[in-house]
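Naming convention: chains lettered A, B, ... in sequence-line order (proteins, then strands); numbering from 1 in each chain.
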Number of protein chains: 2
Amino acid sequence: MSDYRYRQLIDKMRRQGYRITPQRMATLRIMIESQEHLSAAQIYAALQEHFPTTSLATVYKTLAVLMKMGEVLELHGNGGEVHYDIMNPRPHPHLICVRCHRIVDADVGDALIAEQAALTQRMAHTMGYEVLGYRFDVYGLCPACREATKATG
Amino acid sequence: MSDYRYRQLIDKMRRQGYRITPQRMATLRIMIESQEHLSAAQIYAALQEHFPTTSLATVYKTLAVLMKMGEVLELHGNGGEVHYDIMNPRPHPHLICVRCHRIVDADVGDALIAEQAALTQRMAHTMGYEVLGYRFDVYGLCPACREATKATG
DNA sequence: TTAAGTGCAAAGGTTTTGCGAAACT
DNA sequence: AGTTTCGCAAAACCTTTGCACTTAA
């Protein structure tokens, strides 16, 4: 559950000597509790509600810390905007809606994930590459936008 | 062969009413003949040899035309830099070296590509998504960089 | 001939950085 | 108390745009 992930991250940050500030706590909460993967600007906007003085620079600095810790994954969308996945920094598929730009995890079973990983290894191996990670982003229409598109034409 | 692709693109541009300028011809040649997928800056640098006055703006404008024609695929790398794939604008796996930042096509058989596509459809279907495309980027070490890493430590 | 393309420079948007002030440990 | 972190503003970075000049068709 998300609360577990929150504590896990706070503990890890503390253990690694990073300070736990209200801004960082709020940033983590926002990222963890969001159903979708947010961009820096979206995190910043959400922060304004409770921490109106927090700056965008601080958001970026927090994200940089999380990146260094390997606890977030950068997702480069189509428009060059970067979104951050904090729930599952290990490679896994994302579904990106080309209409509403939301990014969600492909919540598929372990079997498909394993199949994906095996396929990746085979591909890389034939090319002599050593795999360190992969990104698998599917672009399409989310259920809501499929409906909307059907209605509008 | 790459010469075929070059003529194909020139013809298509002409047919669609775009003008064939020396800058555009050179840009196409550079992109097509490169073994890797170049960024705008890399294309610009390569252009300098034969067209020293060509501007980066023109490179971007040419890329915009190719995008509109659906003849290039944008590849968003790790550092936010965008590379362009002109040889195969349809979704297919890429291998990205995290050390030298080169991006090459995963030259795997049709069987694996098909397997990949099927997997994509299944994943999206369980989430209620309509697939429009996908990006599959594998991050790792290319053969050359594996050697270099082994030597240096 | 003339509409499209080029190239410069300036603007736009996002991410990063420097530094004095604030705050976590 | 001592450092890290904050937050502002400025810088850096890549990409886009405006406009007079040039050029492909």
Side-chain angles (χ1 to χ4, degrees), chain A residues 9-28 30-31 37-69 72-84 101 103, chain B residues 9-28 30-31 37-69 72-84 101 103:
Chain A
L9 283 172
I10 294 286
D11 286 353
K12 186 165 180 182
M13 287 180 77
R14 218 191 303 269
R15 256 183 284 121
Q16 299 201 3
Y18 294 108
R19 289 186 183 171
I20 310 306
T21 66
Q23 293 90 336
R24 284 178 177 174
M25 290 190 284
T27 300
L28 290 182
I30 286 165
M31 292 180 76
H37 302 313
L38 306 175
S39 66
Q42 287 174 321
I43 295 166
Y44 173 69
L47 273 171
Q48 296 313 297
E49 193 182 336
H50 295 295
F51 295 87
T53 71
T54 307
S55 72
L56 190 52
T58 297
V59 174
Y60 279 110
K61 283 166 185 169
T62 300
L63 289 171
V65 167
L66 292 169
M67 285 291 289
K68 204 177 296 178
M69 289 170 38
V72 294
L73 185 69
E74 279 189 342
L75 307 174
H76 296 264
N78 257 342
E81 9 166 58
V82 185
H83 292 242
Y84 297 85
H101 299 114
I103 303 181
Chain B
L9 283 172
I10 293 286
D11 285 354
K12 186 167 180 180
M13 286 180 78
R14 219 191 301 268
R15 255 182 285 121
Q16 298 201 4
Y18 294 108
R19 291 186 182 171
I20 309 305
T21 67
Q23 292 91 336
R24 285 180 176 171
M25 291 191 283
T27 300
L28 290 182
I30 287 165
M31 292 181 76
H37 301 314
L38 305 175
S39 66
Q42 287 175 320
I43 295 166
Y44 172 69
L47 273 171
Q48 297 314 297
E49 194 183 335
H50 293 296
F51 295 86
T53 72
T54 307
S55 72
L56 193 50
T58 297
V59 173
Y60 278 110
K61 283 167 186 169
T62 300
L63 289 170
V65 166
L66 292 169
M67 284 293 287
K68 204 177 297 178
M69 290 171 36
V72 294
L73 185 69
E74 278 189 341
L75 307 174
H76 295 264
N78 256 344
E81 7 166 63
V82 185
H83 293 242
Y84 298 84
H101 300 114
I103 303 180

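Computed from coordinates, the Ile43(A) CD1 to dG7(D) C1' distance equals 17 Å when rounded to whole Å. One can place CZ of Arg24(B) at 15 Å from P of dT23(D), the figure rounded to the nearest angstrom. Here the C1' atom of nucleotide dG5(C) and the CG atom of Leu66(B) are 14 Å apart, to the nearest Å.
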Please enumerate all protein N or O atoms sitting under 3.5 Å from an N or O of nucleotides 23-25 of chain C, with distances to 0.1 Å.
unit_1	atom_1	unit_2	atom_2	d
dC24(C)	O3'	Ile20(A)	O	3.4
dC24(C)	O2	Arg19(A)	NE	3.3
dC24(C)	O2	Arg19(A)	NH1	2.9
dC24(C)	O2	Arg19(A)	NH2	3.3
dT25(C)	OP1	Ile20(A)	N	3.1

Give every pair of a protein N or O atom and an N or O atom of nucleotides 16-19 of chain C that lie under 3.5 Å apart, one pair per line with the distance.
unit_1	atom_1	unit_2	atom_2	d
dG18(C)	O6	Lys61(A)	NZ	3.1

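Among residue pairs with one or both ends in residues 44-58 of chain B, those qualifying as side-chain hydrogen bond (donor to acceptor under 3.5 Å, both in side chains) are Ser55(B)-Thr58(B); sequence neighbours excluded.
Evaluation of the side chain to side chain donor-acceptor pair (under 3.5 Å) rule for Lys12(A) yields Glu71(A) as partners, not counting sequence neighbours. In this view, Ala26(B) and Leu47(B), Phe51(B) satisfy the side-chain contact (heavy atoms from CB on, under 4.5 Å) rule, not counting sequence neighbours.
Of the side-chain N and O atoms in Ser55(B), none sit less than 4.0 angstrom from OP1 or OP2 of dT6(C). Within the structure, a side-chain polar atom (N or O) of Thr58(B) is placed less than 4.0 Å from OP1 or OP2 of dG7(C).
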For a quick test of your reading: what N or O donor-acceptor pairs under 3.5 Å do the side chains of residues 14-22 of chain A make, sequence neighbours left out?
unit_1	atom_1	unit_2	atom_2	d
Thr21(A)	OG1	Arg24(A)	N	3.2

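Both Thr54(B) and Gly17(B) sit near DNA chain C, but only Gly17(B) has its closest nucleotide nearer the 5' end.
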